[in-house]
Amino acid sequence: NWTMENFIETEIQRIRDLVGPTAEVIGAVSGGVDSTVASKLMTEAIGDRFHAILVDNGVLRLNEATNVKKILTEGLGIDLTVIDASEEFLGNLKGVTDPEKKRKIIGNTFIRVFEREAERIKPKDGQEIQFLLQGTLYPDVIESISFKGPSQTIKTHHNVGGLLDNMKLKLIEPLRELFKDEVRHLGELLGISHELVWRHPFPGPGLAIRVLGEVTKAQVEIARNADSIYIEEIRKAGIYNNISQAFACLLPVKSVGVMGDQRTYEQVIALRAIETTDFMTADWYPFEHSFLKKVASRIVNEVDGVARVTYDITSKPPATVEWE
Ligand code: XMP
């Protein structure tokens, strides 16, 4: 009979058989549930012959790289290297405003950075890295076989085909038969914290598609600080798990405000929060008015460069979840 406990045991054995006694495996982690669960499973199977890489692309959430490093290394015993490639990503994004171009640039830069790093962490004993870990889930498998729908761009980003071709790596996908809720259950059995296991999804292109218009360090910082306050308040209110995804976007328009006796002229933050089961359709989340009031006041007061906060009350369709 199929149980998650049996799955762990058979999958660990399958990984060991596939990798053999000496080969090495690399994989990218994002701080999300899928890549963390896949990495933990690999570490259980082959220990420090699995090497995780977190690429800091300069458009991650506040303190994300530091937090992921701490949780994966200290908490889960995963061999993780954090690469700070912020300058390279932001350099490549300079002057770019088109959402799809941003996605492509981030995807391509990611592949270049990852390849370079994989070269550098070549194991000391001269063993070649032979395998690439991917946290592909069953719905991704189905979708890439049967259907090229609106989420095609999502798949392009997740698809590391380029890496496989250039580096001659073989793919390991230990989660390819699981649904998201099963991955969460697996994560809890593997000792990953409830908080991480139930984290909202975060897009690969990160804050680059939440800073509308040109992505600069200063703009990212505004979006990042506003987002951090918003999520902190959502957690404090005890409603994080009722919401499927929540985030702040920075709109590159200026608006007049007044602070003390000063007239201000600064940008606008739009807050988004949705409830959904499949992300194909979604409803906006009906916050208490007092909650919105508190978040708006904190953001305008605590984040330099913001004069106004709005709440997005559009469902999907017609709007998408992300603004870009
Ligand atoms: P949309 O905006 O398409 O979002 O309604 C649906 C879900 O997909 C996420 N999303 C992405 N994830 N790369 C990703 O890895 C992307 O380019 C991307 N675009 C959207 C979005 O955050 C939401 O969960």
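Along the sequence shown, the residues carry numbers beginning at 1. It should be emphasised that the depicted structure is a prediction, and the values quoted were computed from it without experimental measurement. In listed order, ligands and their atoms are each counted from 1. Values below: every heavy atom of this structure, side chains too, minus hydrogens, waters and symmetry copies.
- Side-chain atoms of Asn301 come within 3.5 Å of backbone N or O of Ser297 as a donor-acceptor pair.
- Transitive grouping of hydrophobic side chains (ILVMFWY, heavy atoms separated by less than 4.5 Å) brings Leu76 and Val37 into a common cluster.
- Remark: Arg210 fails to qualify as a cation-pi partner of Trp323 under the 6.0 Å distance and 45° angle criteria applied to the six-membered ring.
- Checking side-chain atoms of His200 against main-chain N and O of Ile243 turns up a donor-acceptor pair under 3.5 Å.
- Under 4.0 Å from ligand 1, heavy atoms of Glu322 appear from its side chain as well as its backbone.
- For a threshold of 3.5 Å applied to N or O pairs, the pair formed by Pro205 and ligand 1 contains no separation below that value.
- Residue Lys316 has at least one heavy-atom neighbour below 4.0 Å for each of these atoms of ligand 1: 1 (P), 3 (O), 5 (O), 6 (C).
- Any N or O atom pair closer than 3.5 Å counts here, and Pro201 shares no such pair with ligand 1.
- The cationic atom of Arg112 (NZ for Lys, CZ for Arg) does not lie both less than 6.0 Å from the six-membered ring centre of Phe110 and within 45° of the ring axis.
- Every atom of ligand 1 is numbered from 1 in the order shown, and the set under 4.0 Å from a heavy atom of Phe279 is 24 (O).
- Within the cation-pi definition used here (under 6.0 Å to the ring centroid, within 45° of the axis), Arg272 does not qualify as a partner of Phe247.
- Taking all heavy atoms of Lys102, Lys104, Gln245 into account, the minimum distance to atom 24 (O) of ligand 1 is reached by Gln245.
- Atoms of ligand 1 found under 4.0 Å from any heavy atom of Gly204, numbered from 1 in the order shown, are 13 (N), 14 (C), 15 (O).
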